[in-house]
Asks: 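Could you have a look at this structure, given as structure tokens, before my questions?
Below, each value reflects all heavy atoms present in this structure, side chains not excepted, and no hydrogens, waters or symmetry copies. Residue indices begin at 1 and follow the sequence shown.
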Amino acid sequence: MREKPTVVMVHGAFSDGASWSPVAMRIMGAGIEVRVPAISNRSLAADAAYVRSFVENIDGPVLLVGHSYGATVASVAGTAENVRGLVFVAGFILDVDESAADLRQRFPASDAANFFDYRPYATADGATRREVSVAIDEFPFLAALGIPADEAAVFAVTQRPLDAAVLDERATHAAWRSRPTWGIVATADHIVNPDVVRFGLERASALEVIELPGPHLIMHTHPGDVAPFIIDAANAVP
């Protein structure tokens, strides 16, 4: 009997691993192992290296799933030998030597572009860098429309900001070139332009793509669609 892959789900910018909770619960309920590593949102290279190491420490095959910035991380990290397939959800899918900024310039800006909040932060070596998050008051409308207001408010104040320099980091690998790929487009996404997601999935020759009428946090508005899609991908990987 073919060994079922472990589903490793990577969170995105402006969220953390808990963003996968409704989907993880359903996948685990189907008898599939799930792991949700935490990433720093501070460096694409560092986050991808960590996820790759995390995946390589799992015995057996892996289906690597990424949401938002996590999709970018998954594409770079997904060349680990035991990764059998990739699922990209509402995120940038980069080619080698391409950055998120490169893709953003090719498409109209998302509705959130005017509501990104840039702030300085200090690093251990005494340097000052910039991080970006979504304005707290606007977050429920831009990322979480359709989620109960009290939950959306919590998501807004528990954001994990993204180091602004990550947007200019270039991908060193593109795992979709050598791994079967599936994808989900959130058609009411105001954080990432859905056309950018469609472009990436088409370029990756995704085996199957579904479009769901929900926001950036599509895992919370449509877990009953997202989880079965991932389960089907897990059952289909070689």
Asks: Classify the side-chain pair R177/T79 by whether it contains a donor and acceptor separated by less than 3.5 Å.
Replies: no
Asks: Rounded at 0.5 Å granularity, tell me how far CD1 in I231 sits from NZ in K4.
Replies: 8.5 Å
Asks: Given 3.5 Å as the limit, does a donor-acceptor pair link the side chain of R26 with the main chain of P228, or not?
Replies: no
Asks: Less than 4.0 Å between a side-chain N and a carboxylate O, is that true for D117 and R119?
Replies: yes
Asks: Please determine if E33 and R35 form a salt bridge, counting it only when a charged side-chain N lies under 4.0 Å from a carboxylate O.
Replies: yes
Asks: Take atom CZ of F116 as the centre, draw a 6.0 Å sphere, and report whether it contains more than 12 heavy atoms from other residues, nucleotides or ligands.
Replies: yes
Asks: Answer whether the closest heavy-atom distance between the side chains of R170 and V96 falls below 4.5 Å.
Replies: no
Asks: Tell me if the aromatic rings of H67 and F88 count as close, with their centers under 6.0 Å from one another.
Replies: no
Asks: Counting only N and O atoms by type, is there a donor-acceptor contact under 3.5 Å from the side chain of D47 to the main-chain atoms of N41?
Replies: yes
Asks: Could you check whether R198 pairs with E202 (Lys NZ or Arg NE/NH1/NH2 to Asp/Glu carboxylate O, under 4.0 Å)?
Replies: no
Asks: If we only count heavy atoms from C-beta on, is the D195 to V197 side-chain gap below 4.5 Å?
Replies: no
Asks: Ion pair present between R84 and E3, side-chain N to carboxylate O less than 4.0 angstrom?
Replies: no
Asks: Once you round to the nearest 0.5 Å, how far does CD of E211 lie from CG of D225?
Replies: 13.0 Å
Asks: Just how far is it from atom NE2 of H220 to atom OG of S15, taken to the nearest 0.5 Å?
Replies: 8.0 Å
Asks: Do you see a donor-acceptor pair shorter than 3.5 Å between the side chains of D16 and H11?
Replies: no
Asks: So, F107 versus F199, ring centres under 6.0 angstrom or not?
Replies: yes
Asks: May I ask you to decide whether R130 forms a salt bridge with D163, counting only side-chain N to carboxylate O separations under 4.0 Å?
Replies: no
Asks: Run the side chain to side chain contact (heavy atoms under 4.5 Å, CB included) check on Y69 and F14 step by step: do they pass?
Replies: CA-CA 9 Å; Y69 165 62; F14 320 133; over 6 Å; no
Asks: To the nearest 0.5 Å, what is the distance between CZ on R160 and CD on E131?
Replies: 10.5 Å
Asks: Any non-hydrogen side-chain atom of I210 less than 4.5 Å from a side-chain atom of L212?
Replies: yes
Asks: Kindly say whether R42 contributes a backbone atom to a donor-acceptor pair with the side chain of S40 at under 3.5 angstrom?
Replies: yes
Asks: Determine whether V196 and F92 satisfy the following criterion, side chain to side chain contact (heavy atoms under 4.5 Å, CB included), listing intermediate values before the conclusion.
Replies: CA-CA 7 Å; V196 179; F92 286 90; 3.5 Å; yes
Asks: To the nearest 0.5 Å, how far apart are CD1 in I184 and CZ in F229?
Replies: 5.0 Å
Asks: Any heavy-atom pair between the side chains of I93 and L201 that's under 4.5 Å?
Replies: yes
Asks: Checking side chain to side chain contact (heavy atoms under 4.5 Å, CB included) for the pair V73/I39: CA distance, chi angles, key distance, verdict?
Replies: CA-CA 9 Å; V73 173; I39 57 174; 4.2 Å; yes
Asks: Is the number of heavy atoms from other residues, nucleotides or ligands within 6.0 Å of CE (M28) greater than 12?
Replies: no
Asks: Decide whether S110 and N193 meet the rule of one side-chain donor and one side-chain acceptor closer than 3.5 Å.
Replies: no
Asks: Step by step, work out the side chain to side chain contact (heavy atoms under 4.5 Å, CB included) result for I230 and W20.
Replies: CA-CA 12 Å; I230 295 172; W20 281 113; 4.1 Å; yes
Asks: For a quick test of reading the model, state the closest non-hydrogen atom pair linking L94 to E98 and the distance between them.
Replies: CD1-O, 3.3 Å
Asks: Kindly compute the distance separating CZ (F115) from CG (D137), expressed to the nearest 0.5 Å.
Replies: 10.5 Å
Asks: With a 4.5 Å limit on heavy-atom distance, are the side chains of V65 and L86 in contact?
Replies: no
Asks: Taking atom CG of D59 as the centre, does the number of heavy atoms from other residues, nucleotides or ligands within less than 6.0 Å exceed 12?
Replies: no
